[in-house]
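Below is one structure, written out as structure tokens; the observations come after it.
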Amino acid sequence: MTADLFSDMAAQDATPQPQSLCPGAVLLRGLALPDQHDVLADLDRVMTDAPLRHMITSRGFRMSVAMTNCGQLGWVSDRRGYRYDSSDPLSGRPWPAMPESLLRLARRAATAAGHADFLPDACLINRYQPGARMGLHQDRDERDLGQPIVSVSLGLPAVFQFGGMLRSDKPLRVPLQHGDVVVWGGPARLNFHGVLALKDGVHELLGAQRINLTFRRAG
Ligand SMILES: O=C(O)CCC(=O)C(=O)O
Ligand SMILES: [Mn+2]
């Protein structure tokens, strides 16, 4: 067996060393890779039950990122504003349950980042096609801001912006690849963050898109 194969196996199996972005925020390179096939198969089922859709902001703008959810609660936006809801407004039915593979991944990432008791009840699924972006914002619709956010990147690479507590704080630019996970909580829980417009490309598993999974304890 070659040394290269050994190091590939190590990269797949070992928990990556957390890289600090700022106090409270870490990047876990490739942490999702060992789970990727189960996660992608389960995501297909979720997106069949609760299709991706472009939500509308309270000001009437259509978001460039298409979204859906799984878990007990789902994040929704419409003319009434942002909130969590236990049912999918498109079907009136509860959101699909959070698949075990997603829950396992979220908990493994949170534990690696020092949040061993994280139990998400919401997973927002964001689908970026080339050109789609997410402006700087805070995640602040969750009840307990003591719980972290776990954010998984799949598919095409993207540039994640991670700023400070003020919108005007200059954000870091963090290139994210398929399998990378960012976890933020504690002093970074309300930091502004966003994603620059996705560049054209084709990913070997996901094609011309990036999928982001954002796990939260919302209720
Ligand atoms: O796509 C990402 O990496 C970030 C998504 C995000 O910030 C959100 O859904 O609130
Ligand atoms: Mn966010």
Test side-chain contact (heavy atoms from CB on, under 4.5 Å) on N191 and M165; report intermediate values, then the result. CA-CA 5 Å; N191 283 24; M165 286 277 286; 3.9 Å; yes
Keeping to residues at least two apart or across chains, list the salt bridge (Lys or Arg N to Asp or Glu O under 4.0 Å) pairs with something in [range].
range            : value
residues 182-196 : E142-R189
residues 57-73   : none
residues 64-85   : D78-R83
residues 159-181 : R29-D180

Would a hydrophobic clustering, with Ile, Leu, Val, Met, Phe, Trp and Tyr connected at side-chain separations under 4.5 Å, put [X] with [Y]?
X    : Y    : result
L40  : L213 : yes
I56  : M63  : no
V152 : V195 : no
W95  : Y84  : yes
L102 : L124 : no

Quiz question: by atom type and distance under 3.5 Å, do the side chains of [X] and [Y] form a donor-acceptor pair?
X   : Y    : value
N69 : W75  : no
D42 : S101 : yes
S87 : R93  : no

Quick one: [atom1] on [X] to [atom2] on [Y], what's the gap to the nearest 0.5 Å?
X    : Y    : atom1 : atom2 : value
D38  : Q36  : CG    : CD    : 10.0 Å
I211 : L43  : CD1   : CG    : 6.5 Å
R217 : F118 : CZ    : CZ    : 8.5 Å
Q72  : D121 : CD    : CG    : 5.5 Å
L27  : S20  : CG    : OG    : 10.0 Å
L103 : R108 : CG    : CZ    : 12.5 Å

Shortest non-hydrogen separation from [X] to [Y] and the atoms involved:
X    : Y    : answer
G24  : A188 : C-CB, 3.8 Å
I125 : C70  : CD1-SG, 4.4 Å
L198 : P157 : CD1-O, 3.3 Å
A208 : L156 : C-CD1, 3.8 Å
S151 : T214 : OG-OG1, 4.0 Å

By side-chain contact (heavy atoms from CB on, under 4.5 Å), which residues pair with [X], not counting sequence neighbours?
X    : result
L172 : L21, V174
A109 : L28, L31, V150, V181, V183
L90  : R53, D88
D49  : P96

Residue pairs passing the ring pair (Phe, Tyr, Trp, His ring centres under 6.0 Å) test where at least one lies in residues 16-74, sequence neighbours excluded: none
Is a donor on one side and an acceptor on the other found under 3.5 Å between the side chain of S77 and the backbone of M55? no
Any side-chain to backbone donor/acceptor pair from R210 onto G155? Under 3.5 Å, distance only.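 No; judged by distance alone, with no hydrogens or angles, the pair does not exist.
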Under the side-chain hydrogen bond (donor to acceptor under 3.5 Å, both in side chains) rule, what do E204 and H178 come out as? Steps first, then yes or no, please. CA-CA 10 Å; E204 59 180 3; H178 177 76; over 6 Å; no
Hey, does F215 have a side-chain heavy atom less than 4.5 Å from the side chain of M98? yes
Find out whether L154 and H203 are in side-chain contact, i.e. whether some heavy atom of one side chain is under 4.5 Å from a heavy atom of the other. no
Anything under 3.5 Å between a donor and an acceptor, one on a side chain of residues 132-139, the other on a protein residue two or more places apart or in another chain? List them.
unit_1, atom_1, unit_2, atom_2, d
H137, ND1, G135, O, 2.9
H137, ND1, H193, O, 3.1
H137, NE2, D139, OD1, 3.1
H137, NE2, H193, NE2, 3.0
Q138, OE1, R140, NH1, 2.9
Q138, NE2, L190, O, 2.9
D139, OD1, H193, NE2, 3.2
D139, OD2, R216, NH2, 3.2

Quick one: list whatever passes ring pair (Phe, Tyr, Trp, His ring centres under 6.0 Å) with H115, sequence neighbours left out. none
Just to verify, what does F162 make a ring pair (Phe, Tyr, Trp, His ring centres under 6.0 Å) with, not counting sequence neighbours?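 F162 satisfies ring pair (Phe, Tyr, Trp, His ring centres under 6.0 Å) with F160, W184 only.
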Using the rule side chain to side chain contact (heavy atoms under 4.5 Å, CB included), only one of L105, V46, V39 pairs with P99; which is it? V46
Neighbour count >12 (heavy atoms, 6.0 Å) for atom CG, D144: yes
